[in-house]
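Reading through the structure tokens given below for one structure.
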There are 4 protein chains.
Amino acid sequence: MSPKIVLIDEKLEQIREGALSVFAEKGYYSSKMEDIARDAGMGKGTLYHYFKSKEEVFDFMVERFFSEYEGMFQTLEKMGLDEAVDFMVEAAFSLTEKEKRIIQLLLQVWGHAALEKQTKTKVLIQQVYAKYIEQFSGFIARVKKGEKNDYKALSRQIFAMLDGMMIQIFLYPETAGEKEEMKKAILKMIR
Amino acid sequence: MSPKIVLIDEKLEQIREGALSVFAEKGYYSSKMEDIARDAGMGKGTLYHYFKSKEEVFDFMVERFFSEYEGMFQTLEKMGLDEAVDFMVEAAFSLTEKEKRIIQLLLQVWGHAALEKQTKTKVLIQQVYAKYIEQFSGFIARVKKGEKNDYKALSRQIFAMLDGMMIQIFLYPETAGEKEEMKKAILKMIR
Amino acid sequence: MSPKIVLIDEKLEQIREGALSVFAEKGYYSSKMEDIARDAGMGKGTLYHYFKSKEEVFDFMVERFFSEYEGMFQTLEKMGLDEAVDFMVEAAFSLTEKEKRIIQLLLQVWGHAALEKQTKTKVLIQQVYAKYIEQFSGFIARVKKGEKNDYKALSRQIFAMLDGMMIQIFLYPETAGEKEEMKKAILKMIR
Amino acid sequence: MSPKIVLIDEKLEQIREGALSVFAEKGYYSSKMEDIARDAGMGKGTLYHYFKSKEEVFDFMVERFFSEYEGMFQTLEKMGLDEAVDFMVEAAFSLTEKEKRIIQLLLQVWGHAALEKQTKTKVLIQQVYAKYIEQFSGFIARVKKGEKNDYKALSRQIFAMLDGMMIQIFLYPETAGEKEEMKKAILKMIR
DNA sequence: CATGAATGAGTTTTCATTCAT
DNA sequence: CATGAATGAAAACTCATTCAT
């Protein structure tokens with residue numbers, strides 16, 4: 001916790017913020033290191049003090065992005081079913097309401113991960129989803145008093161729906177209004 | 001008198017095939033016109049005889065891709081509920097089984113559409129989804145003897161789930177085995 | 001004078017016309033063989049039946065252009081001074097009045113001739129000017145009952161003025177109205 | 001803290017010099033950015049730090065070229081007629097003696113300005129000539145105690161002759177020896 | 001003869017990365 | 001540490017020329 005570390009963390013935070021903003025809007029290849037640097041409030045050269053390459057900046061930003069939601073479903077442990085579903089859907093939708101950038105970024109990241117060579121991004125996402133599924137199927141098992149493994153498929157379906165909903169909202173923003181229907185649908189699936 | 005006779009449709013088909021293959025594997029920006037041309041069995045210059053730019057090649061390929069599935073849900077008209085759900089899920093999953101490329105391509109296309117400037121790709125996808133939703137909610141209305149508009153949200157949820165499932169399958173190919181659970185889940189949602 | 005020759009001449013004339021038009025407007029390098037062909041009312045390939053290369057088309061057009069004015073000053077032989085000056089200035093100015101293209105073309109041709117490698121165009125222009133000077137200084141010698149060689153410099157000055165006037169007219173088309181002043185100036189120089 | 005200090009003016013001067021040299025010899029379209037860069041002693045990319053495009057480099061060079069002679073005729077203010085004519089002709093001819101490049105460049109610039117789309121170069125030349133004519137007709141008016149506007153046409157004729165002489169000298173370098181005749185002719189025209 | 005589809009060498013331009021200050 | 005000037009590899013795109021029909 002020396003002041004130096006604080007300063008570095010501040011820089012990294014600036015970079016993360018700039019990178020998120022630029023990558024979300026332009027995608028990986030149309031984002032220029034110069035844009036990211038400017039957006040982060042520093043010179044191009046400075047960026048290279050902290051990261052060896054553009055790819056590294058991207059990976060760093062993605063990592064931070066997902067880690068932000070890493071523990072999200074730990075709070076489920078103390079909730080009942082209705083409350084939990086409400087919480088999840090609200091969380092997912094609020095994400096998209098706050099910032100158009102978030103959906104755009106997700107679409108970028110998925111696309112990037114799909115590139116034959118981008119193993120790293122793909123692995124990162126895999127880990128995150130694995131954790132989500134783990135936590136959520138555990139939750140259902142508790143509520144339904146069953147075996148966690150029996151609810152993996154169901155959890156995947158629910159997360160698929162939430163992801164797919166992002167795409168729908170991206171295409172037709174008005175879809176964001178169908179939050180309540182969504183909750184009902186998920187409850188139906190679980191019960 | 002008359003010059004070399006060329007079967008334009010044949011050429012376009014070659015290009016579509018090459019473009020699909022290359023774009024799916026490398027993404028828009030890492031795909032080189034030369035690669036696409038070679039893959040399509042022609043020289044770089046020839047590509048430019050048929051298309052003014054890389055963007056045009058991409059758009060053309062995307063258009064053809066979606067138009068292939070345009071009428072897909074017309075066959076629903078004569079089916080019962082179980083049969084229809086079976087058909088849809090089978091169709092979606094078979095897409096991913098046949099070729100890893102297809103999911104990769106979809107992820108690329110979504111990412112591309114999310115770029116602030118790519119209005120065209122976005123509009124294209126919007127139209128396609130609108131049509132799908134229209135057809136499917138019409139189907140549900142018939143089966144459930146209700147109003148088409150009351151089933152739009154439900155349709156969107158189901159399509160969201162199918163799209164999201166693509167992402168899951170891309171991340172964990174073994175997910176592709178959960179086809180039957182998927183059918184059950186959808187039936188549950190509709191009933 | 002077989003019909004075949006007539007047909008060939010017709011084609012060549014079409015090409016000359018098309019080339020003049022396109023080269024004048026776009027300059028050598030921005031003129032595409034395709035444009036010239038279209039303007040000449042034929043296909044690109046046909047152009048290559050008559051000329052081996054773009055450069056050849058250009059040279060042909062330039063040659064025809066200058067040869068059109070080759071004999072122009074032979075008529076001077078029967079004229080008096082005032083009449084001759086009137087004739088020359090009128091001829092030069094009418095050129096520019098008829099078509100903006102002509103000045104543009106001249107500027108293109110001069111520029112092209114100035115390129116280190118374009119010996120051919122340069123030689124062509126040299127020959128034409130030599131002939132002009134020859135004829136005109138001969139004329140002055142007759143009128144002023146002197147030696148032709150003593151009037152070469154004067155002739156060159158007069159032609160220089162006419163050429164330079166083209167540039168002025170290109171820059172300020174209204175200059176074209178100073179025809180009469182021009183005649184007076186030339187007369188003053190000769191007397 | 002502060003980055004590498006660069007003397008921008010020095011860089012620009014290098015570029016101007018390289019551009020002048022290359023454009024004069026090869027013309028606009030045959031001049032490669034790489035040639036200009038090498039000639040200016042820098043890499044291709046560096047050129048693009050200072051100019052957005054080839055066209056911009058050209059315009060910059062032309063502007064600098066003409067601005068060099070901008071004030072040339074201000075010195076006329078203190079001269080008598082003979083002295084002034086002597087000065088002007090000497091200036092014009094010395095230009096061509098010093099460097100063949102200069103005439104070649106002028107021919108290139110005129111040709112470039114004649115292209116339908118190159119409004120910028122054309123406007124630039126128009127402004128320069130307007131200034132020249134303004135200054136010189138003012139000078140004649142003073143010497144002949146008349147109205148400046150009455151000498152605009154005369155001025156234009158004289159400048160036309162000087163321009164046209166450049167072309168003659170380009171075609172027959174020996175013409176450069178007719179300097180004295182030129183002076184006499186101009187004096188005759190003015191008196 | 002006539003045509004325009006096919007081709008690839010050649011150009012402009014971009015941009016990640018380096019490095020002198 | 002911070003910076004942005006410098007660089008050249010790489011890519012989209014153009015177009016003269018060729019040649020099958």
Side-chain angles (χ1 to χ4, degrees), chain A residues 4 7-8 11 28-38 41-58, chain B residues 1-8 11 28-38 40-57, chain C residues 4 7-8 11 28-38 41-57, chain D residues 1-8 11 29-38 40-57:
Chain A
K4 209 166 182 182
L7 283 178
I8 288 184
K11 287 278 176 195
Y28 184 79
Y29 284 99
S30 296
S31 295
K32 285 137 208 171
M33 285 300 261
E34 190 151 9
D35 297 341
I36 296 172
R38 195 190 350 272
M42 63 187 69
K44 214 184 338 167
T46 313
L47 219 49
Y48 280 90
H49 275 290
Y50 296 91
F51 296 96
K52 273 209 302 287
S53 68
K54 189 178 172 179
E55 189 62 36
E56 261 194 11
V57 175
F58 186 80
Chain B
M1 188 65 80
S2 75
K4 197 192 281 186
I5 287 166
V6 175
L7 297 173
I8 291 186
K11 289 280 170 191
Y28 184 79
Y29 285 99
S30 295
S31 295
K32 312 306 165 206
M33 284 301 260
E34 192 149 11
D35 299 339
I36 296 173
R38 200 193 337 279
M42 61 187 69
K44 206 184 351 153
T46 312
L47 217 47
Y48 282 94
H49 251 289
Y50 294 92
F51 295 94
K52 274 208 299 290
S53 67
K54 188 176 170 179
E55 189 62 37
E56 257 193 15
V57 175
Chain C
K4 208 166 181 183
L7 282 180
I8 287 184
K11 288 277 177 196
Y28 183 78
Y29 284 99
S30 297
S31 294
K32 286 137 209 171
M33 286 300 261
E34 189 151 9
D35 297 340
I36 297 171
R38 193 189 353 268
M42 63 188 69
K44 215 185 336 169
T46 314
L47 218 49
Y48 279 90
H49 275 291
Y50 296 92
F51 296 96
K52 273 208 301 288
S53 69
K54 188 177 172 179
E55 189 62 37
E56 261 195 10
V57 175
Chain D
M1 188 67 82
S2 76
K4 199 193 281 187
I5 287 165
V6 175
L7 298 172
I8 290 186
K11 288 280 169 190
Y29 285 99
S30 296
S31 295
K32 312 306 166 208
M33 285 301 260
E34 191 148 14
D35 299 339
I36 296 173
R38 200 195 335 281
M42 61 187 68
K44 211 181 347 153
T46 313
L47 218 47
Y48 281 93
H49 251 288
Y50 294 93
F51 295 95
K52 274 207 298 289
S53 68
K54 188 175 172 181
E55 190 63 37
E56 259 195 13
V57 174

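Side-chain atoms are counted along with the backbone in the values below, which use heavy atoms only and exclude waters and symmetry mates. What you see is a predicted model, and the numbers here were worked out from it, not measured in a lab. Lettering follows sequence order; numbering is per chain, from 1.
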Checklist line | Residue met sooner reading DNA chain F from 5', once D:L47 and B:K54 are mapped to nucleotides | finding: D:L47

Next item on the list: Looking at every strand, decide which applies to B:G43 at a 4.0 Å heavy-atom threshold: base, sugar-phosphate, or nothing.
Entry: sugar-phosphate

Checklist line | Pair assignment for E:dA9, Watson-Crick or G-U wobble, requiring both distances under 3.5 Å | finding: F:dT14

Notebook entry, point to check: Can a side chain N or O of D:K44 be found less than 4.0 Å away from OP1 or OP2 on F:dA9?
Noted result: no

Next item on the list: Measure from CG on B:D35 to P on F:dA10 and round the result to the nearest Å.
Entry: 13 Å

Next item on the list: Sort out the partner of F:dC1 for me: Watson-Crick or G-U wobble, both distances under 3.5 Å, none otherwise.
Entry: none

Notebook entry, point to check: How close or far is atom P of F:dT7 from atom CE of D:M33, stated in whole angstroms?
Noted result: 14 Å

Notebook entry, point to check: Does any N or O in the side chain of A:Y50 come within less than 3.5 Å of the main-chain N or O of A:V57, such that one atom is a donor and the other an acceptor?
Noted result: no

Next item on the list: Can you tell me the pairing partner of E:dC15 across any strand shown, Watson-Crick or G-U wobble, with both distances under 3.5 angstrom?
Entry: F:dG8

Next item on the list: Look at A:K11 and F:dA2 and indicate whether a side-chain polar atom (N or O) is within less than 4.0 Å of OP1 or OP2.
Entry: yes

Margin query: Just the rounded figure in Å: distance from C1' of E:dT17 to NZ of A:K32.
Written below: 16 Å

Checklist line | F:dT7 OP1/OP2 closer than 4.0 Å to side-chain N/O of D:T46 | finding: yes

Next item on the list: Return the value, rounded to whole Å, for the distance between atom CD of B:E55 and atom C1' of F:dA11.
Entry: 15 Å

Note to self: Can you measure D:I8 atom CD1 to F:dA5 atom P for me and round it to whole angstrom units?
What the structure shows: 7 Å

Notebook entry, point to check: Nearest-Å distance, OH (C:Y29) to C1' (F:dA16)?
Noted result: 12 Å

Note to self: Under the criterion side chain to side chain contact (heavy atoms under 4.5 Å, CB included), I'd like the reasoning laid out for D:D35 against D:R38: C-alpha separation, chi angles, the key distance, then a yes or no.
What the structure shows: CA-CA 5 Å; D:D35 299 339; D:R38 200 195 335 281; 3.8 Å; yes

Margin query: For B:Y29, is there any backbone N or O sitting under 3.5 Å from a side-chain donor or acceptor partner on B:K32?
Written below: yes

Next item on the list: Would you kindly give the OH-to-P distance between B:Y28 and F:dA11, to the nearest whole Å?
Entry: 14 Å

Item checked: Given DNA chain F, 5'-ward residue of the pair C:E34 and A:G41, judged by closest heavy atom -> A:G41

Next item on the list: Could I get the full list of salt bridge (Lys or Arg N to Asp or Glu O under 4.0 Å) partners for B:E56, not counting sequence neighbours?
Entry: B:K52

Check: Under 4.0 angstrom, heavy atoms only, what part of the nucleic acid is B:S31 near: base, sugar-phosphate, or nothing?
Finding: sugar-phosphate

Note to self: Under 4.0 Å from OP1 or OP2 of F:dA2: is there any side-chain N or O of A:Y50 that close?
What the structure shows: yes

Next item on the list: Would you kindly give the NE2-to-P distance between A:H49 and E:dT17, to the nearest whole Å?
Entry: 15 Å

Next item on the list: Under the side chain to side chain contact (heavy atoms under 4.5 Å, CB included) rule, what do D:K11 and D:H49 come out as? Steps first, then yes or no, please.
Entry: CA-CA 11 Å; D:K11 288 280 169 190; D:H49 251 288; over 6 Å; no

Check: Between C:Y48 and D:S53, which is nearer to the 5' end of DNA chain E once each is assigned its nearest nucleotide?
Finding: C:Y48

